[in-house]
There are 2 protein chains.
Amino acid sequence: MFDFYLMEKRQRALTLPRAAQTKRRTRIQLEKEEVILEAALEVFANHGFRGATIDQIAEQAGMSKPNLLYYFPTKEAIHRLLIDQILDTWLDPLREIDETGEPLVEIKSYIRRKLEMARDYPRESRLFANEILQGAPRIQDELNDLKNLVDEKAKVFKKWMDQGRMRKIDPYHMIFSIWSTTQHYADFDVQVQAVLGKKANGDGRFEDAARYLDQLFVHGLKAD
Amino acid sequence: MFDFYLMEKRQRALTLPRAAQTKRRTRIQLEKEEVILEAALEVFANHGFRGATIDQIAEQAGMSKPNLLYYFPTKEAIHRLLIDQILDTWLDPLREIDETGEPLVEIKSYIRRKLEMARDYPRESRLFANEILQGAPRIQDELNDLKNLVDEKAKVFKKWMDQGRMRKIDPYHMIFSIWSTTQHYADFDVQVQAVLGKKANGDGRFEDAARYLDQLFVHGLKAD
DNA sequence: TGTAATCTTTACCAAGCGGTCAAATTTTTT
DNA sequence: AAAAAATTTGACCGCTTGGTAAAGATTACA
């Protein structure tokens with residue numbers, strides 16, 4: 001999952017943290033790196049990259065700032081690693097869309113999975129949203145991989161449309177609409193809860209959202 | 001449009017900028033305040049509140065930092081004013097939905113207006129998104145007004161549904177889906193353009209989006 | 001158990017930050 | 001044109017921030 005030597009190869013780790021100069025990964029390193037990433041996720045998601053401070057992350061992780069910097073060379077290195085992990089798992093549901101399946105069933109379960117991710121991993125979604133919102137300065141390469149995957153799946157949708165198995169619409173914008181409607185419940189949760197008021201109790205809003213999105217997309221996309 | 005005395009009443013201007021101590025608003029004040037707000041919009045939209053510095057805003061506005069602080073007491077005061085202005089114009093399209101109109105026509109034109117705003121005022125959208133994403137720490141009051149407006153319009157949709165003039169769905173989540181799909185083109189523009197590649201030339205993506213969203217929502221929401 | 005490797009802490013630094021102050025300059029008013 | 005009011009500037013302050021250095025404490029291994 002995590003490997004400094006890998007990261008070093010990838011780029012930019014001009015300064016190596018001292019923990020990486022060790023002969024091999026120790027038990028403590030594995031544990032602390034995990035703790036730090038979890039803490040950083042919390043802090044980055046709530047304050048953005050610039051708004052987050054190493055001190056905050058260190059406190060959340062229950063250690064001192066220099067101690068944290070023993071494991072990661074810079075604040076940016078932590079952020080970068082998180083983004084990479086997130087983007088990867090974030091795209092899993094899209095990868096799983098099965099060309100040989102039934103179009104509307106596949107799309108419905110894609111939406112359901114995306115909504116579950118928004119419910120279960122809101123911090124990851126917000127961290128990513130933060131990055132895109134500010135022009136994605138640190139993830140140009142990753143956006144390229146993203147494009148390739150979307151291109152591939154857009155072809156699948158196009159084929160289904162040509163076969164008359166779903167409405168002829170723009171597959172790219174269809175994907176955008178699925179991303180935006182589902183991630184909205186993670187990224188804009190404060191607003192959603194403020195608007196729903198008491199109606200937002202527990203995870204009820206996610207069940208309501210699932211029902212609504214199902215109706216919207218099934219009727220919106222099914223062949224006439 | 002802008003009034004320090006109003007802002008002062010509202011709250012927090014503990015320190016008044018010296019420009020506010022003037023006997024009346026001068027020509028120069030009106031001009032410079034405008035320039036500063038425009039510059040601040042640009043900088044806040046691209047870097048978020050914490051990521052933006054007064055120096056950056058001042059440079060964008062073509063003046064020195066102390067000079068800028070002659071017109072506004074704090075960085076937060078500028079931000080607050082922008083947010084208030086934005087939220088107000090942002091909700092105009094929703095206010096304009098006409099209870100006496102034809103449901104699908106009203107909803108279609110609401111979507112079109114929202115999409116036009118995403119196209120024409122992307123910085124405003126991103127500034128607002130930034131604020132919500134980070135828990136809306138500075139706009140609790142405004143979220144309340146928002147809730148009231150949405151409640152009111154939800155009732156209208158409900159009435160239309162009871163009259164059998166549109167599909168029975170959850171009106172709140174319908175509004176969320178319109179917000180998210182349209183604002184996506186402003187907030188996540190970097191990602192949209194990266195995915196569309198060459199296909200994203202000019203404003204073509206907005207026209208494609210308009211066509212797609214029209215199909216999605218019309219078929220998704222029309223009575224069977 | 002002793003020693004080498006690893007981990008943690010204390011003290012620190014330089015740069016960046018939001019914001020102030022008083023003096024100098026420009027604009028408006030008389 | 002002089003006086004008053006308003007605007008601009010440069011120098012500065014205290015705090016926060018990302019990150020470092022070196023010594024001390026702990027752990028792993030022979």
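Looking at residues two or more places apart in sequence or on another chain, you find no side-chain hydrogen bond (donor to acceptor under 3.5 Å, both in side chains) involving Gln183(A).
The CD atom of Gln29(B) sits 5.0 Å away from atom OG1 of Thr22(B), with the distance rounded to the nearest 0.5 Å. A distance of 7.0 Å separates CZ in Phe176(B) from CD in Gln191(A), rounded to the nearest 0.5 Å.
In terms of heavy-atom proximity, Phe44(B) sits nearest to Asn130(B) at O-ND2, 4.1 Å.
Residue contacts for Thr53(A): at a heavy-atom cut-off of 4.0 Å it reaches the sugar-phosphate backbone alone, with no base atom in range. Using a 4.0 Å heavy-atom cutoff across all strands shown, Ala52(A) reaches sugar-phosphate atoms only and no base atom. Among the heavy atoms of the strands lying under 4.0 Å from Lys32(B) are primed sugar atoms or P, OP1, OP2 only; no base atom is included.
Summarising the geometry, the separation between CD on Glu33(A) and C1' on dT6(C) is reported as 13 Å, rounded to the nearest angstrom. In this entry the distance linking NE2 of His47(B) with P of dC17(C) reads 11 Å, nearest Å. Taking atom CD of residue Glu31(B) and atom C1' of nucleotide dT8(D), one finds them 15 Å apart after rounding to whole Å. Spacing between atom CG of Leu69(A) and atom C1' of dA21(D) amounts to 13 Å, rounded to whole angstrom units. Between the CG atom of Asn67(B) and the C1' atom of dG19(C) there is a distance of 14 Å, given to the nearest Å. Rounded to a whole Å, the CE atom of Met63(A) is 15 Å from the P atom of dT10(C). Note: CG (Leu68(A)) to C1' (dT9(C)) measures 14 Å, nearest angstrom. Taking atom CZ of Phe72(A) as the reference point, atom P of dT20(D) lies 15 Å away to the nearest angstrom.
Contact annotation: Gln29(A) does not reach the phosphate of dT6(C) (side-chain N/O to OP1 or OP2, under 4.0 Å). For Ser64(A) and dT8(C), the shortest distance from a side-chain N or O to OP1 or OP2 is not below 4.0 Å. The side chain of Thr26(B) places no N or O atom within less than 4.0 Å of a non-bridging phosphate oxygen (OP1 or OP2) of dA6(D).
Residue Tyr70(B) places its side chain closer to dA6(D) than to any other of dG19(D), dA6(D), dG18(C). Which of dC7(C), dT9(D), dT7(D) sits closest to the side chain of Pro66(B) comes down to dT9(D). Nearest nucleotide to the Arg27(A) side chain, out of dC17(C), dA28(D), dT9(D): dA28(D). Considering only the side chain of Tyr71(A), dC7(C) comes nearest among dT20(C), dC7(C), dT7(D). The nucleotide whose nearest atom lies closest to any side-chain atom of Ile54(A) is, among dG18(D), dT27(D), dT9(D), dG18(D).
In this model, no side-chain donor or acceptor of Lys75(A) finds a partner on the base of dG19(D) within 3.5 Å.
Within a 6.0 Å sphere centred on CD of Glu99(B), heavy atoms belonging to other residues, nucleotides or ligands number 12 at most.
At least one side-chain heavy atom of Leu216(A) sits under 4.5 Å from a side-chain heavy atom of Ser177(B).
Sequence order on DNA chain C of the closest nucleotides to Ile28(B) and Asp55(B) puts Asp55(B) first from the 5' end.
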